[in-house]
Amino acid sequence: MTRALSLRDNATAPAPAEAAPRSSFVPPLVAGLLVAGVLVYIQVADLDAIEARSLAFGELLVRLGEHVRLVIVSTLVVVALGVPLGILLSRPAAGPLQPPVLAVANAGQAIPSIGILVLLALLYDVGFAMAVISLVVYALLPVLRNTMVGLRHVDRSIIDAARGMGMGSRRILFTVELPLAVPVMLAGIRVALILNVGVATLATYTDAGGLGDLIERGIVFYRMPILLSGCLLTIALALLVDWLAGVAETRLRPRGL
Amino acid sequence: MPEQFHPGTGAQSDVEISLREVSKRYPASDADAVRPLSIDIARGEFLVLVGPSGCGKTTTLRMINRLVEPSGGEIWVDGKNTAHVDPDELRRHIGYVIQQVGLLPHLSIGENVGLVPKMLDWSKERIRQRVDELLDLVGLDPDTYRSRYPKQLSGGQQQRVGVARALAADPPVMLMDEPFGAIDPITRGHLQDEFLKLQARIRKTIVFVTHDIDEALRLGDRIAIFDEDARLAQLDTPLAILTSPADEFVRSFIGDGAAIRRLSLLRVGDLPAVPETSTGTGIEVDPGETVSAVLEKILAAGLDSAVVRGRGSLTVQDMLLATAARDESAVAS
Ligand SMILES: Nc1ncnc2c1ncn2[C@@H]1O[C@H](COP(=O)(O)OP(=O)(O)O)[C@@H](O)[C@H]1O
Ligand SMILES: [Mg+2]
């Protein structure tokens, strides 16, 4: 429709409304059904003592809380590290540093998180901090890479025009480059977030809790209800987080892009 | 400051931009992109740089606002050697318009136009007024366009905004790099006309780059023609270039139809008219009208002469002969 308007002289045409793609309602619906299904199952199923203890409502909330906290903290750290690092590396002066830093970030994602977790546990300690470190190592790459790609793909002629009207490089970074790179950067952050939801299930191996606890206990004690609940709740959380991230992505994208 | 000036324009003393033996060689290149070039550009003059692709027009333009640093020579703008001015400060006082326009897509039209005034710390109210005034000036209704985004505008409208943005802080100098080059021919014609009218009002010193000789002839007070080797082949008024091309390159760059093109540059007031004869049978025209416009009127009216107000009458033959005579005198000289 926008296209058809722009073929004519659109001097009198009304400004086409910003058509933000509406996020599908399916993922949150599925997530809700999964949670409801699990809760109903726990109510009606014939649970033994171990299962009942692991699947008590309060217990589930605690695991979920731990999981969400791991995801939030590690994603914040990833953003706090990846975005500034990506900006620095995209400055012309930092050109030679790009390949080695990207290689390190690539390696971080290539190494399985479980390896890092166990290594950290053996060398240092267990706990929340160790879990966050291994999540950050794993999820840094998409944020770092998308920040650099987003900045690199800003239309050169826009930067040229900005320089031509007397904007300094700092002003250009903040008023031109970063806003225009926001959509690509947000996409990277969304990927990091989803990776973290999944990988945080391994935090149980460093005693940091999370929904992975249920899965692990289900395996160790050979209790299908616990294992299944852990899996389904993780899936529901992942669907919900991805959906929320999608909504945020469309909301935070600068108008006019 | 030594003031040499090239013939061709009226007021000679007031030099706004002075290129003095300016040259540019890019790193890793073994030829000058711009050969040592000296041109003085008068205040209020419209200078067009024209030539084939790669002849150094853009480089010359960008050396004036220091987006490219010269390898040699000096550039003076408004009595100051630009090498000693902070580049950002310099650029805030020189309008810059490029073919790709380069509007910031995430800012509204109003915000785009207000960018330079904002950098110069104007008050919000003053910026708002200035934005509306400029949108009006370039033919865009402020109420309709102020809060739109660039992608909602056609290419021609975007470039109007580009011009408004460059004019925002009322800079004395405008640099324009093929500003109408990406716009369809009909809109381009409109924009050229409007821009000429605008320039007649605001009298900026303009350096305008194009590869289109017709655009150059139409817009420029003077035209600098460069050849493929970045050599300045001729620097003169459009009429003088059409009448006496400096060499074979200029002749071929102008192409065919120099005499016909001259008709749209010559004004009837410049031709020798026969002092008013009998009762005026022809239509009355102003001395400032071009020969081609008057011919058009005469032929459309089915007449064979026109009366130039305050001068006398001119027949179709007079006009054609006068134009041709200039051609012969030029060839003879
Ligand atoms: N940034 C650059 N680095 C190296 N060479 C360049 C650069 N910009 C332009 N050139 C070269 O300088 C010459 C003149 O270019 P330019 O000024 O863009 O010409 P025009 O605008 O007349 O087409 C060309 O040969 C071009 O390849
Ligand atoms: Mg060019």
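From a predicted model like this one, the values you see are computed outputs, not experimental measurements. Per chain, numbering begins at 1; letters A, B, ... match sequence-line order.
- With a threshold of 4.5 angstrom between heavy atoms, B/Leu140 does not approach chain A through any atom at all.
- For A/Asp155, no part sits under 4.5 Å from any heavy atom of chain B, backbone or side chain.
- Residue contact with chain A, scored on non-hydrogen atoms closer than 4.5 Å, involves the backbone and the side chain of B/Leu67 alike.
- Of all the listed residues (B/Leu115, B/Leu90, B/Leu107), the one sharing the greatest number of non-hydrogen pairs under 4.5 Å with chain A is B/Leu115.
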Derivation and outcome, side chain to side chain contact (heavy atoms under 4.5 Å, CB included), residues B/Asp136 and B/Asp132: CA-CA 6 Å; B/Asp136 228 16; B/Asp132 284 3; over 6 Å; no
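- Residue B/Ile94 touches chain A through its backbone alone, counting heavy-atom pairs closer than 4.5 Å.
- Heavy atoms of A/Leu180 lying under 4.5 Å from chain B belong exclusively to its side chain.
- Contacts of B/Arg165 with chain A are made by side-chain atoms alone, with heavy-atom separations under 4.5 Å and no backbone atom involved.
- Ionic pairing of B/Lys57 and B/Asp177 is not present here: no N-O contact between side-chain nitrogen and carboxylate oxygen is shorter than 4.0 angstrom.
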Audit row: B/Glu194, B/Lys197, salt bridge (charged side-chain N to carboxylate O under 4.0 Å, His left out) steps and yes/no: CA-CA 5 Å; B/Glu194 285 175 33; B/Lys197 286 189 192 128; over 6 Å; no
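- Applying the 6.0 Å contact sphere to CZ of B/Arg25 captures more than 12 heavy atoms from other residues, nucleotides or ligands.
- We find that A/Glu66 and A/Arg63 are joined by a salt bridge, their nearest charged nitrogen and carboxylate oxygen being less than 4.0 Å apart.
- For B/Val101, the part sitting under 4.5 Å from any heavy atom of chain A is the backbone (N, CA, C, O) and nothing else.
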